[in-house]
J.: 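The structure under discussion is supplied below as structure tokens; questions concerning it will follow.
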Amino acid sequence: MQRPLAHVSAVGLLVVVWLGLMGGIALVWQDDAAPFEIFAGAFWSLVWFFWLARIWLGGPMAIGLMRKALFGLCPILIFATGLAIGIGGGEVYPSQLVAFAVAVCGIFAGVLLMRGEVQRWSLATVAVRVVRQPPDGTAFDLRSAALRQSRGKFGCLMIVVTVLMLLVVGAIGATLPADRGTNAPDYIAFMVGVVLVVLAGIAGYVWIDVRARAMGVLTVTDRRLDEHPWSRVRSVTLSYKGEAKVVNGVRRHRSARLDLSLYDEPDARRLRLPDDAALHGSIAAALAAHSPEGVFRGWVSRTGSTTPGQVSS
């Protein structure tokens, strides 16, 4: 599916938003930039363009979080700019014009990201990928799907953690005098916070990779489910917690997993599935098409918690 023009335009506007913010800060900056301020600007630029990279790649969570941020912050920026102009007796400064233009660009970018073709394209970028296709069935790369989903969620979480860290540092700095020097608590807290965020990011991505690596590939054919012949399978169900919801025309199941019951084993085997609605639908369709009659029981809601395992030994 071709990338929509609205998506390209939105990303371009978001680049303009950041350049405008940096330009506005430069207009009101009165002192020479200290190494700390330069480091802070570079750090925030990296965070912003990492976010833009996730949006450019079509990450649904990154796009959704950006929409919420734009519609929440841009109106506040417009209101604050108008209030500052009113307090100043109607005199308009260049930095205020830049702030207004940045807010308007942000709102337009949010509107473009809301368009239906952008949402459909974003969902298409995370559509299920089929690997090592068998001649009589389908193979699903669960590891890649899990990595794609988990990395997107974790990246958005790290952005939120970073914002909270900067807010805490700013609150500490607001209570200190202007001539506090570079050894003040807020400077130290910022540097410690950056180190902790980086370490948490590295550890999180390693944990995600290790957790997803165990999923491997799920194979559904006319002869077997993974290495289990259909003659050995008593039943197979797709279970989920809570209630299924329809979002943008796609049925979504929370905490989905595949539950497999075998004739020669007393306990059911369980395989946790990635949080990918398109993948869930494709697996259900493959099971319905290739399993013997009466073996695939469809979707079943479950209660309580169990420890997920593996379908294969």
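The figures that follow rest on heavy atoms only: side chains count, while hydrogens, waters and symmetry mates do not.
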J.: Does Tyr240 have more than 12 heavy atoms from other residues, nucleotides or ligands lying within 6.0 Å of its OH?
T.: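 Above 12, so yes.
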J.: Test Arg223 against Asp136 for side-chain contact (heavy atoms from CB on, under 4.5 Å), laying out the working first.
T.: CA-CA 8 Å; Arg223 295 174 290 109; Asp136 59 342; 2.9 Å; yes
J.: Ignoring hydrogens, what is the shortest heavy-atom contact between Glu265 and Arg234? Give both atom names and the distance.
T.: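 Minimum heavy-atom separation between Glu265 and Arg234: O-NH1, 4.5 Å.
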J.: Heavy atoms only: give me the nearest Ala286-Val220 pair and the separation to one decimal.
T.: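 Looks like O-CG1, 3.7 Å.
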J.: Nearest 0.5 Å, please: how far is CZ in Phe154 from CG in Leu147?
T.: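 The CG atom of Leu147 sits 13.0 Å away from the CZ atom of Phe154.
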J.: Hey, any chance Val16 and Phe49 share a hydrophobic cluster, counting ILVMFWY side chains that come within less than 4.5 Å of each other, even indirectly?
T.: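 No, no single cluster joins them.
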J.: Please find the pair of heavy atoms, one from Ala99 and one from Leu77, that lie closest to each other, and give the distance.
T.: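 Taking every non-hydrogen atom into account, O-CD2, 3.4 Å.
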J.: Are Met114 and Phe71 side-chain neighbours, meaning at least one heavy-atom pair lies under 4.5 Å?
T.: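 Side-chain contact under 4.5 Å: yes.
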J.: How far apart are the C-alpha atoms of Val233 and Leu262, what are their side-chain angles, what is the distance that settles it, and do they pass the side-chain contact (heavy atoms from CB on, under 4.5 Å) test?
T.: CA-CA 5 Å; Val233 178; Leu262 303 175; 3.9 Å; yes
J.: Flag yes if Leu112 and Trp48 sit in one hydrophobic cluster, no otherwise; membership is Ile, Leu, Val, Met, Phe, Trp, Tyr, and two members link when side-chain heavy atoms are under 4.5 Å apart.
T.: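 No, Leu112 and Trp48 fall in different hydrophobic clusters.
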J.: So Asp259 and Val300, do their side chains get closer than 4.5 Å, heavy atoms only?
T.: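 A side-chain contact is absent here, since even the closest heavy-atom pair is not under 4.5 Å.
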J.: Taking C-beta and beyond as the side chain, do Asp226 and Leu218 meet within less than 4.5 Å on heavy atoms?
T.: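 Side chain of Asp226 against side chain of Leu218, heavy atoms only: contact under 4.5 Å found.
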J.: Between Leu13 and Val15, is there shared hydrophobic-cluster membership here, with clusters defined by ILVMFWY side-chain heavy atoms closer than 4.5 Å?
T.: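 No.
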J.: Taking side chain as C-beta onward, heavy atoms only, is Ile283 less than 4.5 Å from Asp276?
T.: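 Sidechains of Asp276 and Ile283: no contact.
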J.: For the side-chain contact (heavy atoms from CB on, under 4.5 Å) test, which of Val92, Ile85, Thr81 pairs with Leu97?
T.: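 Among Val92, Ile85, Thr81, the one that satisfies the side-chain contact (heavy atoms from CB on, under 4.5 Å) with Leu97 is Val92.
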J.: If you look at every heavy atom in Ala6 and Arg115, which pair is closest and at what distance?
T.: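 Nearest heavy atoms, Ala6 then Arg115: CB-CD, 3.6 Å.
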J.: Please confirm whether the backbone N or O of Ala268 pairs with a side-chain atom of Ser261, one donor and one acceptor, at under 3.5 Å?
T.: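 Such a contact is absent between Ser261 side chain and Ala268 backbone.
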J.: Does Ser95 use its side chain to pair, donor to acceptor, with the backbone of Gly24 at less than 3.5 Å?
T.: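 No; zero donor-acceptor contacts below 3.5 Å.
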J.: How many angstroms lie between atom CE of Met61 and atom CG of Leu157, to the nearest 0.5 angstrom?
T.: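 Here the interatomic distance stands at 8.5 Å.
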J.: Contact between Leu271 and Leu260 at the side-chain level, heavy atoms closer than 4.5 Å - yes or no?
T.: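 Heavy-atom side-chain distance check fails, nothing below 4.5 Å.
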J.: Answer yes if the side chains of Thr237 and Arg297 hold a donor-acceptor pair under 3.5 Å, and no otherwise.
T.: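 Side chains of Thr237 and Arg297: no pair found under 3.5 Å.
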J.: Where the side chain of Thr162 meets the backbone of Met158, is there a donor-acceptor pair that is under 3.5 Å apart?
T.: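 Side chain of Thr162 to backbone of Met158: a pair is present.
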J.: Do Val295 and Leu225 make a side-chain contact, defined as non-hydrogen atoms from C-beta onward lying under 4.5 Å apart?
T.: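 SC-SC contact between Val295 and Leu225 ruled out.
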J.: To the nearest 0.5 Å, what is the distance between CZ on Phe296 and NE2 on His290?
T.: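 These two atoms lie 12.0 Å from each other.
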J.: Find out whether Ser282 and Thr138 are in side-chain contact, i.e. whether some heavy atom of one side chain is under 4.5 Å from a heavy atom of the other.
T.: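 A side-chain contact is absent here, since even the closest heavy-atom pair is not under 4.5 Å.
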J.: Would you mind reporting whether Val47 and Val163 have side-chain heavy atoms less than 4.5 Å apart?
T.: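 Val163 does not reach Val47 side chain to side chain.
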J.: Please work out which of the three classes, parallel, tilted or perpendicular, describes the rings of His7 and Trp121, given edges at 30° and 60°.
T.: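 Plane angle between 30° and 60°, so tilted.
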J.: Begin with the C-alpha distance, continue with both residues' side-chain angles, and end with the deciding distance and a verdict on side-chain hydrogen bond (donor to acceptor under 3.5 Å, both in side chains) for Trp230 and Ser291.
T.: CA-CA 7 Å; Trp230 285 116; Ser291 64; over 6 Å; no
J.: Transitively linked via ILVMFWY side-chain contacts under 4.5 Å: Val104 with Trp18?
T.: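 No, it is not one cluster - the side chains of Val104 and Trp18 are not joined through contacts under 4.5 Å.
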J.: Would you compute the distance between atom CG of Asp275 and atom OG of Ser255 and round it to the nearest 0.5 angstrom?
T.: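 Between Asp275 CG and Ser255 OG, I get 8.0 Å after rounding to 0.5 Å.
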J.: Quick one: OG1 on Thr219 to NE2 on His228, what's the gap to the nearest 0.5 Å?
T.: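 Going from OG1 on Thr219 over to NE2 on His228, the span is 11.0 Å.
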J.: Do Arg224 and Thr221 pass the side-chain contact (heavy atoms from CB on, under 4.5 Å) test, and can you show the C-alpha distance, the side-chain angles, and the key distance before you say yes or no?
T.: CA-CA 5 Å; Arg224 58 189 175 86; Thr221 71; 3.5 Å; yes
J.: Measuring from Leu52:CG to Ser45:OG, what's the distance to the nearest 0.5 Å?
T.: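 Rounded to the nearest 0.5 Å, the CG-OG separation comes out at 10.5 Å.
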J.: How close do Trp299 and Ala284 get, heavy atom to heavy atom, and via which atoms?
T.: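 Smallest interatomic distance, heavy atoms only, reads NE1-CB, 3.9 Å.
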J.: Can you give me the closest heavy-atom contact between Arg302 and Ser239, atom names plus distance?
T.: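 Result for this residue pair: NH1-OG, 2.9 Å.
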J.: Are Leu14 and Leu5 in one and the same hydrophobic cluster, where Ile, Leu, Val, Met, Phe, Trp and Tyr link if side-chain heavy atoms are under 4.5 Å apart?
T.: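 In one cluster: no.
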